[in-house]
Amino acid sequence: MKKETLERIRKFTEDRDWDQFHTPANLAKSIVIEAGELLECFQWDETHFDLQAVKEELADILVYSQNLLDKLNLDVDSIVQEKMKKNEEKYPIEKARGRSDKYTKL
């Protein structure tokens, strides 16, 4: 995320004194709730959906995710790099390419 976007997210929360409500559990709940709202965008038709609504729900997920990263003093690049390394080990190209099977079924 760009620095100015991060600063805007943090300022929004700070200006409203909402950090007091941003416990890790509350933020995790909010991410799941917003993910459900994102899924709702595709509930009855996977091909004809409101792109603006998808963007808004996805943005909510990203904002809450950034708030949780901040609350836990985590760096997004570090945790994504760690997870990608694990994923690459669990899903080697030669076994996983073109397949949607879980790694335990490869």
Side-chain angles (χ1 to χ4, degrees):
M1 210 174 288
K2 292 180 182 178
K3 182 180 177 183
E4 59 266 21
T5 305
L6 290 173
E7 289 172 358
R8 188 170 187 181
I9 291 169
R10 290 169 180 152
K11 185 175 182 338
F12 181 87
T13 300
E14 184 180 316
D15 287 351
R16 288 155 181 80
D17 192 26
W18 284 354
D19 189 59
Q20 63 182 315
F21 307 115
H22 286 182
T23 65
N26 282 346
L27 292 167
K29 291 174 204 174
S30 296
I31 291 166
V32 171
I33 291 164
E34 295 300 337
E37 292 178 10
L38 174 61
L39 188 57
E40 187 177 29
C41 294
F42 303 98
Q43 185 173 9
W44 303 115
D45 189 341
E46 295 181 20
T47 56
H48 300 93
F49 52 86
D50 181 346
L51 184 58
Q52 184 60 36
V54 169
K55 289 176 5 181
E56 290 177 14
E57 299 307 337
L58 190 53
D60 286 340
I61 293 165
L62 293 168
V63 168
Y64 280 127
S65 294
Q66 183 58 54
N67 286 333
L68 185 55
L69 286 162
D70 286 346
K71 182 58 71 172
L72 298 175
N73 295 312
L74 298 173
D75 176 72
V76 67
D77 291 314
S78 296
I79 67 171
V80 169
Q81 290 292 343
E82 288 174 26
K83 183 59 177 171
M84 290 306 300
K85 184 175 189 252
K86 287 182 179 183
N87 287 345
E88 289 163 352
E89 291 169 1
K90 288 183 348 185
Y91 295 95
I93 295 168
E94 62 277 1
K95 290 183 177 180
R97 185 171 179 83
R99 297 180 63 180
S100 63
D101 300 321
K102 188 173 179 175
Y103 69 95
T104 56
K105 302 286 185 189
L106 294 176

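All figures in this text were calculated on a predicted structure; none of them were measured in a lab.
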With sequence neighbours left out, write down each residue that passes salt bridge (charged side-chain N to carboxylate O under 4.0 Å, His left out) with [X], or none if nothing qualifies.
X	value
Glu89	Lys85
Arg8	none
Glu7	Lys3

Hydrophobic cluster mates of [X], side-chain heavy atoms under 4.5 angstrom, ILVMFWY only, any path?
X	result
Ile33	none
Phe21	Phe12, Trp18
Tyr91	Tyr103, Leu106

Can you confirm whether more than 12 heavy atoms, excluding those of [X], are under 6.0 Å from its [atom1] atom?
X	atom1	answer
Arg97	CZ	no
Lys95	NZ	no
Glu46	CD	no

With sequence neighbours left out, what residues match [X] under side chain to side chain contact (heavy atoms under 4.5 Å, CB included)?
X	result
Lys105	Asp101
Lys86	none
Gln52	Asp50, Lys55, Glu56
Ala35	Ile61

Does a side chain donor of either Asp45 or Thr47 reach within less than 3.5 Å of an acceptor in the other side chain? yes
Are Thr104 and Lys90 close enough that some pair of their side-chain heavy atoms sits under 4.5 Å apart? no
Would you say Val80 ends up clustered with Leu68 if hydrophobic residues are merged whenever their side chains have heavy atoms under 4.5 Å apart, either directly or through other cluster members? yes
Determine, using the 4.5 Å side-chain heavy-atom cutoff (strictly less than), whether Phe42 and Leu51 are members of one ILVMFWY cluster. yes
Which value, rounded to the nearest 0.5 Å, describes the distance between Asn26 atom CG and Tyr64 atom OH? 9.5 Å
Listed pairs under 3.5 Å, donor-acceptor, residues 69-79 side chains, sequence neighbours left out:
| residue | atom | partner | partner atom | Å |
| --- | --- | --- | --- | --- |
| Asp70 | OD1 | Arg10 | NE | 3.4 |
| Asp70 | OD1 | Arg10 | NH2 | 2.8 |
| Asp70 | OD1 | Gln66 | NE2 | 3.0 |
| Asp70 | OD2 | Arg10 | NE | 2.8 |
| Lys71 | NZ | Asp19 | OD1 | 3.2 |
| Lys71 | NZ | Asp19 | OD2 | 3.2 |
| Lys71 | NZ | His22 | O | 3.4 |
| Asp75 | OD2 | Asp77 | N | 3.3 |
| Asp75 | OD2 | Ser78 | N | 2.9 |
| Asp75 | OD2 | Ser78 | OG | 3.0 |

Evaluate the criterion side-chain contact (heavy atoms from CB on, under 4.5 Å) for residue pair Asp60 and Glu57; output intermediate values, then yes/no. CA-CA 5 Å; Asp60 286 340; Glu57 299 307 337; 3.6 Å; yes
Can you run down the side chain to side chain donor-acceptor pair (under 3.5 Å) pairs that involve residues 30-39, sequence neighbours left out, and say none if there aren't any? none
